[in-house]
Amino acid sequence: MPVKPVRCEHLVPVVADPAAGPAIPAAACQAHRVGVGRSEERLSRGRTPVDQQPTARTVGEAEPSDVHRLGIVCADDAPEAQVQAEAAQGAQPGGQNSEPARKGSGLGNLKIMARDQRSVTPQTEDFAAWYNDVVFRAELVDRGPVRGSMVIRPYGYRIWELLQADLDGRIKATGHQNAYFPLLIPQSYMQREAEHVEGFAPELFTVTHAGGKELEEPLIVRPTSETVIGEMMAKWISSHRDLPLLLNQWANVLRWEMRPRMFLRTSEFLWQEGHTAHATAADATAETMLALGFYQDMAGQTAALATVPGEKTPGERFAGAERTFTVEGMMRDGRALQLGTSHFMGTNFAAAFGITYTSESGTAELCHTTSWGMSTRMIGGLIMTHGDDKGLVLPPAVAPYQVVIVPIGRGEQVEPTVSAAIECAATLQRAGIRTHVDDRPQASPGFKFNDWEMRGVPIRLELGPRELADGTALMSRRLSYRQPEAVKEAIPLDAAPDLLRAELAAFQAMLARRAADFRDGHIAVVSSWPQFAAAVAVGWALALHCGQQACEDEIKTETTATPRCIPLAGEPDQGACVRCGKASAYGTRVIFARAY
RNA sequence: CGGGCUGUAGCGCAGCUUGGCUAGCGCGCGUGCUUUGGGUGCACGAGGCCGCGGGUUCAAAUCCCGCCAGCCCGACCA
């Protein structure tokens, strides 16, 4: 992935929006937490006569192959100018009704709750509040009863399943096999690799009692599975013929979190962890890079995220690893999010767990191991990369519903429009397009439009008497290529499957392109400390660094920015450290950014 | 764990300063009518251990102490 550096002066505010009105102090936004409505119940209760035909309602699901087909699209479908226009578009304030609420005099500003409860906090006003509004209102998650826990609701879980299916395919296609290892790990296992224990000690959950009695040896709830899997690998590997051993598991892990944040930092999260053992360091290194490629590819092709792959600096390395690699994503507020990570362990774990093999020449040798993971955090990355003031924006490849059909009609027209919608959905479904019919009788069309836009559905079709008469549907995109956004387009129903497939592919490409442009526009090559500080305030800084831990710490204290990675594609460069002036390390520039 | 803020109906809030009427309002929810092409309107209705536990008082949503939870800012992290 090429890093296109721009000069510092090209940096722009994260979201340029002169129309957004006065900024409101974050403290005042307290009042703004948005709760979760009951529309889930509504969905299940709103039975209509037409609904007795169960085939049609949210008909089926696309085949995994369709997901891949949609996911891999060319990024050049949308002309640059349109993409630029979109970027500006995304920054516009949300729904039509949010305007009156935002103006208002001094006192009004303190009472933000005066704003329409139906719209989300604008990103420019408070990005964190915006994020919270979106995850709850789009019904991706709900809060669990225990601090730091998260309930992933059906709409959010479907996104995870789509990501999962994509990555699982990539993992299996390269010869890895899925397995499952236990949640509970003897405490002694954790202690065998010195750095590993030390690194994880502050975040461990420990089980001290079972069956009403205190355990002789406490159990650890896995924060990651290197230790159990290492133990099993030692048992399973004896000859070079057993290598490489390529394992993966989909699992939950628990790590105590001081400051939970939905998807980004919760005490329990879902992930995939790959664990492999190899004869040589070269093989293991190649594996490490292969896995990193999974994440980079899936982030770019499927999630439409813009990333920079690189190596972690020693201070950011995984506990127990020799080298750690990462795929860093750029969020719309200019912060970095680690989307996937891949570790070369050398022989550290092999030595700790006795993972050895007999070589061809008969000598006993230590294996070289790797591990790599991608978690539900990726969903947070999706939200913060594509979302706007109307709410979520989902790339078609991971959208639970790629198309939502809103039947429109009153009185006697309800039945025919709803059945037409259901029929249309069935056709699209057969064409591999995930389609949903919103036939809630009590909600007005306008409400549904806003609702599905908030939930990020890429394409909406309106089907009313007029369309029925001439065999068309009115299509509108969550983000359009044209201005003004509200433009709707009539499409012939009989050509809908092909047309929509193309639309979805174009939409996917447009998002990927937009994200890449945003990333490139927010990475600045900096050569002085003031430039550095300015750059990390709004985006990423590409800087020469001495590599000293103390210097890193100072940078962090002063700017809250940390080294995110040493880009793999970084051009050779050296000189004075941007902070302390000593000779630079790493042979190339390092990305510094504020991170999640 | 430190600093700041907040817990009253599903959600958003008022009431608390100065203790006392039946604890209110908006949205949402239910029923009926009316409506439906960008967040329909009207009527009626349901819904509240006022975060939890103690204390002061004739009397506590209101005052005092403790605890718990959530949000924002710092140290940790996929």
Side-chain angles (χ1 to χ4, degrees), chain A residues 25-42 45 94-98 111-119 126-129 132 136-137 143 145-148 199-203 223-224 253-261 263-273 295 316 318-319 324 326-327 337-343 371-381 406-411 413-414 417 440-454 460 462-467 474 476 485-486 488 553 556-557 560 562 595-596:
Chain A
C29 296
Q30 216 78 290
H32 216 80
R33 292 177 38 226
V34 176
V36 182
R38 277 183 154 171
S39 40
E40 206 65 14
E41 290 169 37
R42 254 190 280 129
R45 241 180 284 142
Q96 292 82 346
N97 291 335
S98 58
K111 301 266 180 177
I112 298 170
M113 77 328 179
R115 180 177 43 234
D116 192 328
Q117 286 176 30
R118 293 172 301 194
S119 63
D126 184 340
F127 196 81
N132 263 321
F136 289 113
R137 299 198 49 190
R143 239 180 271 288
V146 173
R147 178 188 163 77
F200 278 104
E203 329 176 39
T224 178
V253 285
L254 274 82
R255 301 177 184 182
W256 180 248
E257 283 297 341
M258 293 299 177
R259 296 182 53 190
R261 209 102 147 48
F263 291 120
L264 304 174
R265 275 190 315 261
T266 47
S267 281
E268 179 182 3
F269 58 90
L270 304 181
W271 77 345
Q272 151 281 129
E273 47 180 324
Y295 303 139
E316 299 276 323
F318 179 77
T324 287
T326 175
V327 172
L337 179 70
Q338 181 170 315
L339 295 167
T341 179
S342 183
H343 316 290
S371 73
W372 26 278
M374 185 275 310
S375 73
T376 37
R377 176 178 272 188
M378 180 73 80
I379 298 174
V406 178
I408 295 163
R410 61 177 87 91
Q413 283 154 340
V414 169
T417 53
R440 287 176 286 179
Q442 73 280 27
S444 70
F447 178 89
K448 293 174 183 176
F449 299 164
N450 287 287
D451 195 37
W452 291 112
E453 279 164 10
M454 194 256 298
R460 179 183 70 241
E462 296 167 38
L463 216 48
R466 290 205 290 270
E467 287 72 30
L474 212 49
S476 47
E485 184 180 343
K488 301 179 185 182
D553 293 346
K556 183 169 188 179
T557 309
T560 75
T562 51
Y596 280 101

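Values below: all heavy atoms of this structure, side chains included; hydrogens, waters and symmetry mates excluded. In what follows, chains are A, B, ... by sequence order, proteins preceding strands, each numbered from 1.
Using a 4.0 Å heavy-atom criterion, one finds that A:E462 contacts the bases of the nucleic acid, with or without backbone contacts as well. A:L264 comes within contact range of at least one nucleobase, with a heavy-atom separation under 4.0 Å. Nucleic acid contact for A:G340: none, since no nucleic acid atom lies under 4.0 Å from a heavy atom of the residue. Using a 4.0 Å heavy-atom criterion, one finds that A:T417 contacts no nucleic acid atom at all. At a threshold of 4.0 angstrom between heavy atoms, the contacts of A:T560 are confined to the sugar-phosphate backbone, with no base atom among them. Within the nucleic acid shown, A:L337 has no heavy atom closer than 4.0 Å to any nucleic acid atom.
With distances taken from any side-chain atom of A:N450 to the nucleotides B:G38, B:U36, B:C72, the minimum falls on B:G38.
Atom CG of A:N132 is separated from atom P of B:A69 by 18 Å (rounded to the nearest Å). In this structure, CZ of A:R265 is placed 9 Å from P of B:C72, rounded to the nearest angstrom. Atom CZ in A:F136 sits roughly 15 Å away from atom C1' in B:G12 (whole-Å rounding). In this entry the distance linking CG of A:D126 with C1' of B:C72 reads 8 Å, nearest Å. Distance, A:I408 CD1 to B:U36 P: 12 Å, rounded to whole Å. Distance, A:Q442 CD to B:C29 P: 7 Å, rounded to whole Å. Per the geometry, CZ belonging to A:F127 stands 18 Å off C1' belonging to B:C73, to the nearest Å. Between A:E257 atom CD and B:G74 atom C1' the separation is 15 Å, expressed in whole Å.
Taking only side-chain nitrogens and oxygens, A:R143 comes nearer than 4.0 Å to OP1 or OP2 of B:C71. Look at A:R377 and you won't find any side-chain N or O under 4.0 angstrom from OP1 or OP2 of B:A78.
Side chain of A:E467 to backbone of A:G464: a donor-acceptor contact under 3.5 angstrom is found.
When each of A:S375 and A:E467 is assigned the nucleotide of RNA chain B with its nearest heavy atom, A:E467 is the one assigned upstream, toward the 5' end.
At a threshold of 4.5 Å between non-hydrogen side-chain atoms, the residues A:R440 and A:D451 count as touching.
With centroids closer than 5.5 Å and planes inclined by less than 30 degrees as the test, A:W271 and the base of B:A78 fail to qualify as a stacked pair.
Below the 3.5 angstrom threshold, one finds no donor paired with an acceptor across the side chain of A:Q413 and the base of B:G37.
A cation-pi contact, defined as under 6.0 Å to the ring centre and within 45° of the axis, links A:R255 to A:W271.
Between A:R460 and A:E462 there is a salt bridge, since a side-chain N of the basic residue sits under 4.0 Å from a carboxylate O of the acidic one.
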